[in-house]
Undergrad: 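What follows is a single structure, and I will ask about it in a moment.
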Amino acid sequence: MSNAIDIQGITKKYSDLTALDDMTFSVPEGMLFGLIGPDGAGKTTLYRILTTLLPADSGTATVAGLDTEKDYIRIRAEIGYMPERFSLYPDLTVNENLRFFASLFGVRVEDNYDLISPIFDQLSKFPNRRAGALSGGMKQKLALGCALIHRPKVLLLDEPTTGVDAVSRSEFWNMLAALKEKGITILVSTSYMDEAQRCERIALIDKGRILDVDTPANLIKGLGENLYNASAKEMYPLLGALRSLPDVKNCYTFGATIHIVTESGFNPDDAVHRLKDMGLSDVNIYPAKGDIEDLFIKLVDNEE
């Protein structure tokens, strides 16, 4: 299987800030690949390089077999790009935006309607509504439709679900899975760790560096060892008390509980007794199942 995206040693600096630091990874053709990391990790800078909007300081990148610097004009016809911020024309209607972006690539909306029909079916109820008046979820779908209107080989999505409600987020990822089945390679970045589970393969990124690359299942394999959930009546005091216990390497809030990373000698029953002696009531400590967020915190701690 050949690579639709190949990044080798890409570095990009803004004055004293290193946005990308010797970044290397590849995305095989036809894969739904996730770029997972917090805000400021370097995801948007990488997208600007892949979309030929920004040159790298060093290293090389190819998209659809084309060099991002030597073949920048040809690449633009082979990719679909959806930036984090809504970038369509708010004063144009849904139909006008679709027709406009189709004309840029010399195609008609009807030419690739089979590709965008699952998306357009949800927009067809208000074809004459201005894009600026759409809800967040519908803006997202319109932007995706415009990015696909010329049937690109590679789809580049930069934090497409930021600020969108949970239902629209789920619908959007269902659409990506369907597009992947049509053979389109998708690189999607997100700061939502739960979305990583819906990718076939992911790269974890922080401070411009790739921390690890693999399938979600392989990455979290073995994370359940020495990982526990903790809860109590008073959660904030519990967090501070846990950090004072022996055999506790790290602890952090995790949803409605606290996750504890421990040494192998950690005994949860002994820990509960110690915490009760500190005045904490209703303390529960029990084994946790690790996920991508736990892995990310572990890798960042190791880097530091």
Undergrad: S2 and E29: side-chain donor and acceptor closer than 3.5 Å?
TA: yes

Undergrad: In Å and rounded to the nearest 0.5 Å, what is the CZ to CZ distance from R76 to F105?
TA: 10.0 Å

Undergrad: With clusters defined by side-chain heavy atoms of hydrophobic residues (ILVMFWY) lying less than 4.5 Å apart, directly or transitively, does Y89 cluster with V94?
TA: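 As far as the 4.5 Å side-chain criterion goes, Y89 and V94 are connected within one cluster.
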
Undergrad: Could you tabulate the donor-acceptor pairs under 3.5 Å formed by side-chain atoms of residues 271-289, not counting sequence neighbours?
TA:
none

Undergrad: Identify the residue among T185, L148, V188 that makes a side-chain contact (heavy atoms from CB on, under 4.5 Å) with L155.
TA: L148

Undergrad: Shared ILVMFWY cluster between L20 and L53, side chains joined below 4.5 angstrom?
TA: yes

Undergrad: Would you say T190 and I36 make side-chain contact, with heavy atoms under 4.5 Å?
TA: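 When only atoms from C-beta onward are counted, I36 and T190 do touch, with a gap below 4.5 Å.
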
Undergrad: Answer yes when K141 and E171 have at least one side-chain N-carboxylate O distance shorter than 4.0 Å, and no when they do not.
TA: yes

Undergrad: Looking only at side chains, do T11 and D22 share a donor and an acceptor under 3.5 Å apart?
TA: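 T11 vs D22: no donor-acceptor pair found between side chains.
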
Undergrad: Any donor-acceptor pair under 3.5 Å linking the side-chain atoms of R198 with those of N174?
TA: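 Result is yes, a qualifying pair exists.
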
Undergrad: Between T161 and E195, do the side chains contain an N or O donor and an N or O acceptor separated by less than 3.5 Å?
TA: yes

Undergrad: Any sub-3.5 Å donor-acceptor pair from H150's side-chain atoms to E78's backbone N or O?
TA: no

Undergrad: Under 4.5 Å between any side-chain heavy atoms of L46 and F25, yes or no?
TA: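 Yes, their side chains come closer than 4.5 Å.
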
Undergrad: Give a yes or no on whether a salt bridge exists between K298 and D212, defined as a side-chain N under 4.0 angstrom from a carboxylate O.
TA: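 No, no charged N to carboxylate O under 4.0 Å.
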
Undergrad: Do any N or O atoms from the side chain of Q8 and from the backbone of T60 form a donor-acceptor pair under 3.5 angstrom?
TA: no

Undergrad: Dump the intermediate steps for salt bridge (charged side-chain N to carboxylate O under 4.0 Å, His left out) on D214 and K221, then the final yes or no.
TA: CA-CA 11 Å; D214 209 330; K221 194 179 295 182; over 6 Å; no

Undergrad: Report the distance from atom CG of D270 to atom CG of D247, rounding to the nearest 0.5 Å.
TA: 9.5 Å

Undergrad: Nearest 0.5 Å, please: how far is CD1 in I202 from OG1 in T215?
TA: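 Spacing of OG1 (T215) from CD1 (I202) equals 8.0 Å.
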
